[in-house]
Structure formats: C-alpha cells, structure tokens
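Down below is the structure, laid out as structure tokens.
Letters A, B, ... are given to chains in the order of the sequence lines, protein chains preceding strands, and every chain is numbered from 1. All values below come from the heavy atoms of this structure, side chains included, with hydrogens, waters and symmetry mates left out.
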Protein chains: 2
Amino acid sequence: MFIMDEIRENTAGAIMTPEFVRLREGTSVREAIRAVRASGLDSDALYTLFITDQEGRLKGTLEMRTLLAAPGDEAVEALMDTAFTAVTMDEDQQEAAHLVRKYDLISLPVTDREGRLVGAIGVNSIVDVIEEEDTEDFERMAALVPGEGGYKTSSVWTLAWHRLPWLLILMASSVLCAKLIQSYEQLLLLSALGGVVMSNIPMLMDTGGNAGSQSSTLIIRAMALGDMTARDDVLALGKELLTSLLCGVGLGAVNFARMLLISRDTALEAGVISLAVCLTVIAANAIGCVLPMLARRLRLDPALMAGPLLTTIVDILGLIIVFALVTALV
Amino acid sequence: MFIMDEIRENTAGAIMTPEFVRLREGTSVREAIRAVRASGLDSDALYTLFITDQEGRLKGTLEMRTLLAAPGDEAVEALMDTAFTAVTMDEDQQEAAHLVRKYDLISLPVTDREGRLVGAIGVNSIVDVIEEEDTEDFERMAALVPGEGGYKTSSVWTLAWHRLPWLLILMASSVLCAKLIQSYEQLLLLSALGGVVMSNIPMLMDTGGNAGSQSSTLIIRAMALGDMTARDDVLALGKELLTSLLCGVGLGAVNFARMLLISRDTALEAGVISLAVCLTVIAANAIGCVLPMLARRLRLDPALMAGPLLTTIVDILGLIIVFALVTALV
C-alpha cells in the first residue's frame, strides 16, 4: 500500500503502527466486539475502531466505550463519529501530537493522501513524541546539537561533541563584540564617559540577553504547543513591542535611580547607560520575537533562534547602541 | 473519604478524576463488562478497570482489552495485573507522568496512604500535565515567572509583570560585574594586557554562559524526565568535569590560535585570555551541573537554577578568573 523508504523521519507515518481494528460499513455492534476480541491485538490503539468503505477510505471512528454501551444489533455507522480527526502519513509528528492533545484522543488514524486508512498512532506514542520534541527544543535553545539517547547513557565524547559546534560558532561571533570594543577604545579613553561605559557593558549585555530570551522562549513555546500560527505574528510583534516598552522603561528607570543614588554617578552617565538599557531591551524583545517567526517561515526549527544565538546578536546591538550614544555626546 | 482542601496543587490528587470502574474481587468477566456498560462513563479512564477488596484497597488492575479477550465466566482475579503501578494522592503530578510514560498506561490508579482506591488519572490528563510542566521549565529557564494561560490570551501588563521581577534581580546582580571591573580598572590601565582583556570580556562571559547553559539544560531535562535520580549526581558531576575539560581545552586552543594568527595579539595576551576561557568553561560546567542538583536537594525547582541566574554567576566567575590571571602577571 505504501513504500517504507518513502516515510520521512518525524512524520506521522514514521510513528504509526499497523495495529488497529478496521470495520467495514454495515458491521453490527455485536460483530464489532467479536472483531475486537478476535484481533488478538494488545495495545492502546485497540480502543478506537475505524470504519472504512470498500476502497479502504476512512469513513468514521468509534470509541470502544461507545461500542460497549450500545445494543448488540445496532449498526456501527449509526454510532461512529464522522467528524473525526485524522492525519496524513507525511504530516509532522508534532501536528499529530497537537491533535491528540486538543481532542483528547486515544488513537489517531493515519491515512494516505487519498484518505485510505494506513495506520494509527496511540496516545502513548504521542506522549513519547511530546517528550522527545520538548527535549529537542530545550537542547536547541541551550545551543546543543540534539542527541539520541539520554544523558546517563551518553559518553563524555558524545556529550562534548554535541556542545563544541555551537560553542565555537558563538565564540567566533562574540569576537565581533571584541572588535567593536577595540574600535571604540580610543573614543572611550577620550570621553569622560569611558570608565562608566566599560564597567557597565556586562550589565547592559546581560539585561538585553535576558529580555531577548524571555520573548523568544514565550514565542517558541507558543509555536511548539500549536497556540500560535503564522497569522498571529503581527499581533505577537505588537504585544512584544508594548511589553518591551514597559520593561525597557521600567529597567531604565530603576538603573537611573541606582546609578545616581547608590553608585553616585553623574546624571549624564546614569542617563546614557539607562537610555542604552531601555533601547537594548526594546531591540532585544523585538529580535527575540521576530527571529523565531522568520525561522518558521523558512521552515527551520524556531528553537534554533533562541538563547545563545539571540544573545550574541543582542550583545552586539547593545554595544552599538551604547557606543552610538557616547559618540553623539562626545 | 478525603477532605478536598487537603489536596495540594500539582499532586496526583489534584488531577485525578472519580471516573473509573471499580470491581469487587469475585466478579466474573461477564459481570465486569456489564458493570462497564452500566457505568455510563465516557472517558479514557474507562479503559482500565480496578479490582478492590472489601475495604476498598486496590488489589489489581485489568485492561479493557484483556477483559474483552477473556471467556465470560472467568474471574477477574485470574486476569488482573497484581504488579500494577499506582500513586498516592500526595505524589507529585510529574511522578504520575513518569509512570504513565514508563509503563504506557491509559489510566493510573490513585490511592490514599492506606492503599484505598480514590481516583484515576487518564493518559489525556497526563499529556496536559507534561505540556504544562515543560512550559513551566521553559519559562523558569528563561527567567520568566510562569504564568497561567497561553501567550495569545495574556495581556501586555501580564506579560511585562512576569518578566520584570527576574530582569530586575538579574540586572542588580550583574551590577556586581560592573563593580568588579571598576575595582580592577587601575590595574588594567597599568598592565600592558589591559586593552586585550577589556575587549575580550564579552567573549569570555558569553562562552562561559553558553557552556554553563548547556550543562544545566541537560541535567535539568534529565531530572524532569525522571532519567536522573539524586544517586546519579556524583556520576553526572564526574561526566561534566571530563566533558568540560574537553570543551575548555578545545575552545582555549581555538581561541589561542585565533588571537595569535588572526588578531595578531602577543603570545602572552593570547595565553592569558585562552587560559581564562578554558578555566571559565570548566567552572561554568561544574556550576551548571551542581546548581540544579542543589536545588533538587533543597526541594526547589531545578529549572530555576538554569539560564540567566547561572549566567550571572558565571559572568562574575569569568571576570574573577581573568583578573586573577592578570594580577598574577603584573
């Protein structure tokens, strides 16, 4: 009915099982129960029965509990759910997980493109898919190359091998920060603001990075849970901009007060750093929100765009913002 | 049988339902099927039947599929699984999720401390628990106060409110970095290494932060999936130290080559920064691994210890390491 090597990884076709009970139209409840007992199957996929027509096309689904509660001579067509949920074999496994979660399914039918029933995915497989996809997202967001197998069974070589690629890429990109600082070193030495800028760079970069991580994590998680489609992008960007304005102004104000009252910096010093904090937070939120959206449109995993990659971009932006402010004032 | 306000949040008791079929010992298969049909229940919790004794204590579980495949006059005791898995009401919901995942359950029985059956948790509730717990971990690891409801339904005020507390705490703690840099400013101005150290601080801090995030994410995820118990802590720490040695030496070597060959820094400059990178990565991995372990022993959520809090600690450590190296050489 289908060729195995056509089934791509992480699709519904790759995780479905051929373990299900198929009933023809015209079957009675009594015959259906007999078919279940005769199937000899032993899995959760048994708890949803599928009714197909002569060509094998899926016409309806029937929960075992509905079957058991019905009189023996009733026809299954009278009981079956014709507004059923199904996926095609080439659908992403994450989409299958969304449907099982949304409709509280025990078994999700899988069809080919012509609507012919080819398999079923039990809810216990979906539990594994959810854990696996979430683990991948956690790993991508922490700049890890996702690995097979658990932490305990991975060797030290494997662990290091999954960390080094991103560490190297990110180290190389943060060298750009070093170049930026070097090229402004003379300016900073000349400016009265030099000392205060240099010492506040880590705070500025950390705060921007944190704000960006917050945005990107919320957006990526909403996408992964299927709560945010591409149509929600504009609304989400609007929300992030307003939120970042609140956070940016709040943090800037607190920092201004701190520098003026506790660190005894001048109003100019406090003003420049605080304005830089505010602008960096706004930029960080906007980027943290836009990067995962872009990734999804390019059919990349949005989780790749969070965490460290974002942090490096935000670091560079934070430096550009503060150096631009100093340059404008010198 | 139990008092509602004694049920704590996020426990098995809080997510169980009273929807299940209880069979007394001595029931036949035919009577059991009749009990299921008469129950009128309509949920996935129906697919596992529970057999209790006179005092209501759980004696065994019976899958609906086993029941359906058995002859009508067989006694349920002969079919039931006496090596069943159950949780008590005050067990954490995450533990319930581990058991359902591990044993591919459709319904997990919940008992009181005396072993009396009080409820059941269907696998579809467990799917929601998993998504909810993972979302909380994602949020905690990105320095967000976990919120109720999805991104789309949250107001801008709520979004900002869940971000500001950690942003403020982290901004305050990274002020420590500023103080550290200020107190070493004179030393750096005197030292020939001053320029190269100042410009490489962001790279050093980013690399340390990334390495620490990698460790903590892997450890926290392994804990959340139930793959790592407290007994594995020593083994994991050993693994992290070896892995960090590989990563630290690798990154230090690449950085040494880069500074010497591309940036045309002196061997001393390249050596100091590269040694600082190596030591910071090792320290970051160790801390990224130990913090979640400590959190678990203190009964805090390990996810609180990842990401930004870790980053700030690692930033400070990185600065201390590089300043100590410079001081030793001046």
Side-chain angles (χ1 to χ4, degrees), chain A residues 36-37 42 44 46-47 65 68-69 101 104 106 123-124 127 130-131 134-135 138 142-144 150-152 156 159-160 163-164 167-168 170-171 174-175 177-178 181-182 198-200 202-203 205-207 210-211 213-214 217-218 221-222 225 227 232 239 242-243 246-247 250-251 254 308 315, chain B residues 36-37 42 44 46-47 65 68-69 101 104 106 123-124 127 130-131 134-135 138 142-144 150-152 156 159-160 163-164 167-168 170-171 174-175 177-178 181-182 198-200 202-203 205-207 210-211 213-214 217-218 221-222 225 227 232 239 242-243 246-247 250-251 254 308 315:
Chain A
V36 169
R37 296 179 66 149
D42 187 24
D44 53 2
L46 203 64
Y47 294 137
R65 54 181 184 250
L68 286 177
R101 190 168 72 95
D104 282 350
I106 293 292
V123 60
N124 289 119
V127 167
I130 291 174
E131 296 283 32
D134 284 355
T135 299
F138 275 110
L144 288 152
Y151 180 82
K152 272 169 74 179
V156 169
L159 287 175
R163 298 180 195 194
L164 274 169
L167 286 177
L168 285 169
L170 295 168
M171 190 171 77
S174 65
V175 168
C177 291
I181 295 175
Q182 273 166 4
M198 285 310 282
S199 60
N200 278 292
M203 184 275 292
M205 286 170 50
D206 279 353
T207 303
N210 293 335
S213 293
Q214 290 181 333
T217 299
L218 284 175
R221 189 63 186 153
L225 289 174
D227 292 342
D232 301 313
K239 262 187 169 178
L242 286 175
T243 307
L246 286 175
C247 290
L251 291 168
V254 170
D315 284 352
Chain B
V36 169
R37 296 180 65 149
D42 186 26
D44 52 1
L46 203 64
Y47 294 136
R65 53 182 186 251
L68 287 175
R101 188 167 74 95
D104 282 350
I106 294 292
V123 61
N124 290 119
V127 167
I130 292 173
E131 296 284 31
D134 284 356
T135 299
F138 274 111
L144 287 152
Y151 181 81
K152 272 169 73 177
V156 168
L159 288 175
R163 296 179 195 195
L164 274 170
L167 286 177
L168 285 169
L170 296 168
M171 189 173 78
S174 66
V175 168
C177 290
I181 296 176
Q182 274 166 1
M198 284 310 283
S199 60
N200 277 292
M203 184 275 291
M205 286 170 48
D206 279 353
T207 304
N210 293 334
S213 294
Q214 290 181 334
T217 299
L218 284 175
R221 188 65 184 151
L225 289 175
D227 291 343
D232 300 313
K239 264 187 165 176
L242 286 175
T243 308
L246 287 174
C247 291
L251 290 169
V254 171
D315 284 353

Exactly one of B:P202, B:S174, B:C177 should register a side chain to side chain contact (heavy atoms under 4.5 Å, CB included) with A:M205. Which one does?
B:P202
Taken in chain and number order and not counting sequence neighbours, the residues that satisfy side-chain hydrogen bond (donor to acceptor under 3.5 Å, both in side chains) with B:D206 are none
Among A:L246, A:L144, A:V123, the residue with the most heavy-atom pairs under 4.5 Å to chain B is A:L144
Top of A:K152, A:M203, A:R221 for chain B proximity - count of heavy-atom pairs under 4.5 angstrom:
A:R221
Is it the backbone or the side chain of [X] that comes under 4.5 Å from a heavy atom of chain A, or both, or neither?
X	answer
B:T217	side chain
B:A211	both
B:D104	both
B:L68	both
B:D134	both

Between B:R65 and A:V36, is the side chain to side chain contact (heavy atoms under 4.5 Å, CB included) condition met? List the steps.
CA-CA 8 Å; B:R65 53 182 186 251; A:V36 169; over 6 Å; no
A:L168 and B:L251, any side-chain heavy atoms less than 4.5 Å apart
yes
I'd like to verify something: which residue of [options] has the highest number of heavy-atom pairs under 4.5 Å with chain A?
options	value
B:L164, B:D227, B:L218, B:N200	B:L218
B:T207, B:V254, B:I106	B:I106
B:Q182, B:K239, B:R163, B:R37	B:R163
B:I181, B:V127, B:L159, B:L167	B:L167

